[in-house]
Participant: 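Structure below; questions to follow.
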Amino acid sequence: MKEVFGLKTGTLYTVTIKGFMYYTVLCVDTKIARTAPGTSQITYSKSISSTAIWLEWEWVQTALQYILMVNSTLTGERYNFTYANNSTLVGNLRPATMYDCYVVTSNAGGLGAKSKVRTVTTLIQPPAAVTVLQTGPQSARISWQPVDKVLVYQITIKNWNSPNTTLYSNTVFNNSLDMTNMSPCSSYLISVSSINALLEVGEPKQINYTTSTLGPVTSVSVDYSCATYSASVTWTTVFGATSYRATAVSRSGTVLSCTSNTTMCQLVNLACGENYIVHVTAQSNNCESTGNATTSFQTVPCAPSNLMLYRECSSNVIIFSWAPNNYSAYYFARAVDSVGKVMECMTTDTSCFFTDTTCGRLYNFTVSGSSSSVKQQCNSASSSAIQIRTAPCPPRNMRTSSNCQTDVLTSSWEGADGALRYTVEAFGNRGNQSYYTCSSLKQSCTITGINCGESLTMIITAADNECSSVLSLGEVGQTAPCKPQSLSAVVDCGSDSISLTWEASLGSVFYMATAVDRFGTSYTCSSMDVRCQITGLSCESNYTASVMASDIRCNSSVSDNITVQTGPCPPQGVQAVLDCQQNQALVSWKGSPSVISFTATMEDEAGGLLSCSTTASSCRIPNLKCGQVYGISVLHHDGICPSMTSRAMQMRSGL
């Protein structure tokens, strides 16, 4: 051994010695010891549990300390401990694992030789869980989770109140054990240990179990009440029971219970839409019966949720839908409109179509579910209400009036249910140039800038924030006729009239023409055509003529004026002298220097005509018939237009 100098007294050092690795050395005063101690051998080793082992080794007179090395080549664990005594318990080890153990002595002179290696295997751990199920009044089945690579288990049963009294102890080759002759209302300490291949018993897994003294309830029935959300539970009597407890467990794990000294009790505050499993236990003092007698029942369905509405504006069809809920075999949907009209729908589906709806009404929809229970049909509470309004009704009785003096049309109508606003459209007879529109929140609106002579198709729609009503046709809108254009006149020669013509005016039904003389006297004519004749005028006079169109309700503005002069006046001072010898008549009159020619005419009673023409102021008409009364008249011609005929005078011819 090599001597090392310069070490501090009382300090531990780790040194490496040939053949050994990582030994701990305590530096002591060299006055105490200068020679390394002798070797100590492990004299006793035992696995205490699945996580601890016990080791003992020899005393060495010259050793001050013992260094214990514990290593596992399987897991790679390495531990070293320093002791002043010669025994120890090493814990926190792994179950069913081999550990190599040896001891090295130590004093001020150095380290002693390494002891022989002693291999110790920890015991197998116990089962993770042990359960007990009572199978009869005096029997129970003990079962546990199997432990890997364990074939045999040690089972020990002791009285809980007297732990030193062992009631049962044996080995078992599977993971369950049926016990009999168990005392009622007794508590037992049950221990299960794993046994390894060397038949070493590991530490136990212990549980406390108390047996029941009562027999099970053999029959359970439930009468559920939809109205009170409660259930009456009844059961058969158990001999020796002083009370009973009924327990109902829902699918979601909610537990409700009631207790009674009789064979009936009431479960209250039951949730909707649940399936409860009910079992009843008998009780006496500290004991409780066991058993598998159960029954189940369904509670009233919950009110449907996730309500949705879809409305078709064009047809007023409303689709009402909801989410399915537990235990509803049928659904009853109900719609109530704003005037109290009720519509209902029963379905096995989760939606209903409401087709017989009325326009412009607000509908409240609710739905409830109905169970399919054979014993009792339960209806759920109604859902919360959801609202929707149908498309507005079409407006009615739209009337349109015009201001004959302006380009304005005003439409009015009866209000439509459900309408928030209205739109009026007017389609005229001039294509795209004759389209007009107006909108209003009230029951009337005005369209401006309309062409004259328009005959307009009037359409109105009502709308809310989502839908429009169907189109509604109103009365035809009519603006005042357009002013007649291109008025012209033709003098009616030989008469007291003038003829007027003009271009047709849009929107007109008939026309009224007017001629005004210099004294302000008016003469008129009317026509449904584009021409008309004004009679009764003075000859050789100037007249101011105009024409106006009318559609009966409104008149157009007056056309531009034109000036017209009537035809020449007839000759004046007409006289006739009968020449009986020559059988002729001399007709005379007052002449005019502007006249080109004159024509005298005699008409007999039979309508026969005799005449003469001249540029003078008289002429002779021969060949008169005897005994005839002649009407004599004269007219003249200025080269443009013949004059009116003079007033006829009568003359009788000779016999």
Side-chain angles (χ1 to χ4, degrees), residues 221-233 246-258 265-279 294-312 315-358 361-391 418 464-467:
S221 62
V222 175
D223 184 16
Y224 175 70
S225 171
C226 303
T228 61
Y229 286 83
S230 63
S232 294
V233 184
T247 303
V249 182
S250 69
R251 292 180 311 153
S252 58
T254 302
V255 179
L256 297 173
S257 64
C258 62
C265 71
Q266 196 87 0
L267 293 169
V268 296
N269 298 325
L270 297 169
C272 62
E274 281 285 4
N275 184 67
Y276 285 92
I277 297 176
V278 181
H279 68 273
T294 61
T295 189
S296 63
F297 68 96
Q298 296 172 357
T299 59
V300 62
C302 294
S305 58
N306 296 336
L307 309 182
M308 296 184 66
L309 288 171
Y310 172 73
R311 172 188 60 183
E312 292 182 355
S315 64
N316 276 335
V317 172
I318 299 176
I319 303 174
F320 180 30
S321 63
W322 52 89
N325 59 8
N326 293 332
Y327 311 122
S328 282
Y330 303 94
Y331 297 94
F332 297 95
R334 177 182 171 94
V336 182
D337 69 14
S338 48
V339 299
K341 180 182 177 181
V342 177
M343 293 186 293
E344 293 181 326
C345 167
M346 184 178 77
T347 180
T348 58
D349 203 351
T350 56
S351 64
C352 273
F353 285 69
F354 289 84
T355 58
D356 189 25
T357 58
T358 303
R361 292 188 182 177
L362 181 66
Y363 284 83
N364 283 281
F365 289 85
T366 56
V367 62
S368 61
S370 178
S371 70
S372 58
S373 172
V374 175
K375 294 182 179 179
Q376 183 180 19
Q377 186 178 35
C378 289
N379 295 330
S380 75
S382 292
S383 67
S384 57
I386 186 171
Q387 293 183 335
I388 199 169
R389 188 182 292 276
T390 51
D464 58 14
N465 291 329
E466 297 179 6
C467 290

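On a predicted model such as this, the values are computed, not experimentally measured, just so you know.
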Participant: Does Asn316 use its side chain to pair, donor to acceptor, with the backbone of Ala391 at less than 3.5 Å?
Facilitator: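 Present.
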
Participant: Can you give me the closest heavy-atom contact between Phe297 and Val222, atom names plus distance?
Facilitator: CD2-CG1, 3.5 Å

Participant: Taking the side chain as every heavy atom from C-beta outward, state whether Tyr330 and Ser368 have any atom pair closer than 4.5 Å.
Facilitator: no

Participant: Does Ile319 have more than 12 heavy atoms from other residues, nucleotides or ligands lying within 6.0 Å of its CD1?
Facilitator: yes

Participant: Mark yes or no for whether Asn325, through its side chain, and Cys302, through its backbone, hold a donor-acceptor pair below 3.5 Å.
Facilitator: yes

Participant: Determine the minimum heavy-atom distance between Thr390 and Asp464, stating which atoms define it.
Facilitator: O-OD2, 4.0 Å

Participant: Check this for me: does any side-chain nitrogen of one of Glu466 and Arg389 sit under 4.0 Å from a carboxylate oxygen of the other?
Facilitator: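 A salt bridge is absent here (no side-chain N lies under 4.0 Å from a carboxylate O).
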
Participant: Of all heavy-atom pairs between Leu267 and Ala246, which one has the smallest distance, and what is that distance?
Facilitator: CD2-O, 4.1 Å

Participant: Between the side chains of Ser232 and Gln266, is a donor N or O closer than 3.5 angstrom to an acceptor N or O?
Facilitator: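 Distance-only check passes for Ser232 and Gln266.
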
Participant: Tell me the closest heavy-atom pair linking Thr366 and Ser384, and the distance in Å.
Facilitator: CG2-O, 4.2 Å

Participant: Counting distance only, does the side-chain N/O of Tyr224 pair as donor-acceptor with the main-chain N or O of Val300 below 3.5 Å?
Facilitator: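 Such a contact is found between Tyr224 side chain and Val300 backbone.
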
Participant: What closest approach, in Å, do Thr299 and Cys272 show between heavy atoms, and which atom pair accounts for it?
Facilitator: OG1-C, 3.4 Å

Participant: Could you walk me through whether Trp322 and Leu307 satisfy the side-chain contact (heavy atoms from CB on, under 4.5 Å) test, starting with their C-alpha distance in whole Å, then the side-chain angles of each, then the deciding distance to 0.1 Å, before giving a yes or no?
Facilitator: CA-CA 4 Å; Trp322 52 89; Leu307 309 182; 3.7 Å; yes

Participant: What verdict does the side-chain contact (heavy atoms from CB on, under 4.5 Å) test give for Ser370 and Phe332, after you've listed the backbone C-alpha separation in whole Å, the side-chain angles of each residue and the deciding distance to 0.1 Å?
Facilitator: CA-CA 8 Å; Ser370 178; Phe332 297 95; 3.5 Å; yes

Participant: Find the distance between CG (Leu256) and OG1 (Thr247) and round it off to the nearest 0.5 Å.
Facilitator: 9.5 Å

Participant: Quick one: does Thr294's side chain have a donor or acceptor within less than 3.5 Å of a partner on Val278's backbone?
Facilitator: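 Not a single qualifying donor-acceptor pair exists.
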
Participant: How many angstroms lie between atom CD1 of Ile277 and atom OG of Ser296, to the nearest 0.5 angstrom?
Facilitator: 6.5 Å

Participant: Show your reasoning for whether side-chain contact (heavy atoms from CB on, under 4.5 Å) applies to Ser321 and Thr350.
Facilitator: CA-CA 6 Å; Ser321 63; Thr350 56; 5.7 Å; no

Participant: Between atom CG of Leu309 and atom OG of Ser351, what is the distance when rounded to the nearest 0.5 Å?
Facilitator: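 With rounding to 0.5 Å, CG (Leu309) is 11.5 Å from OG (Ser351).
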
Participant: Does some side-chain heavy atom of Leu270 sit less than 4.5 Å from a side-chain heavy atom of Tyr276?
Facilitator: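 Sidechains of Leu270 and Tyr276: in contact.
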
Participant: When you compare the side chains of Tyr331 and Asp349, does any donor N or O come within less than 3.5 Å of an acceptor on the partner?
Facilitator: no

Participant: Can you measure from CD (Gln387) to CG (Asn364) and round to the nearest 0.5 angstrom?
Facilitator: 4.0 Å

Participant: Applying ring pair (Phe, Tyr, Trp, His ring centres under 6.0 Å) between Phe320 and each of Tyr363, Tyr310, Phe365, report the one that passes.
Facilitator: Phe365

Participant: Quick check: does any side chain N or O of Ser250 sit under 3.5 Å from a backbone N or O of Thr254, one acting as donor and the other as acceptor?
Facilitator: yes

Participant: Do any N or O atoms from the side chain of Ser380 and from the backbone of Gly369 form a donor-acceptor pair under 3.5 angstrom?
Facilitator: yes

Participant: Atom CZ of Arg334 and atom SG of Cys352: how far apart are they, to the nearest 0.5 Å?
Facilitator: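 SG of Cys352 is found 13.5 Å from CZ of Arg334.
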
Participant: Using modelled atom types and a 3.5 Å cut-off, is there a donor and acceptor pairing between side-chain atoms of Thr355 and backbone atoms of Val317?
Facilitator: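 Not confirmed, Thr355 side chain does not pair with Val317 backbone.
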
Participant: Using a strict 4.0 Å threshold on nitrogen-to-oxygen distance, state whether Asp356 and Arg361 make a salt bridge.
Facilitator: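 No, Asp356 and Arg361 are not salt-bridged.
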
Participant: Could you please spell out the steps behind the side-chain contact (heavy atoms from CB on, under 4.5 Å) verdict for Asn326 and Arg251?
Facilitator: CA-CA 11 Å; Asn326 293 332; Arg251 292 180 311 153; 2.4 Å; yes

Participant: If you take all heavy atoms of Ala335 and Phe354, which pair is closest and at what distance?
Facilitator: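 Heavy-atom minimum between the residues: CB-CE2, 3.9 Å.
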
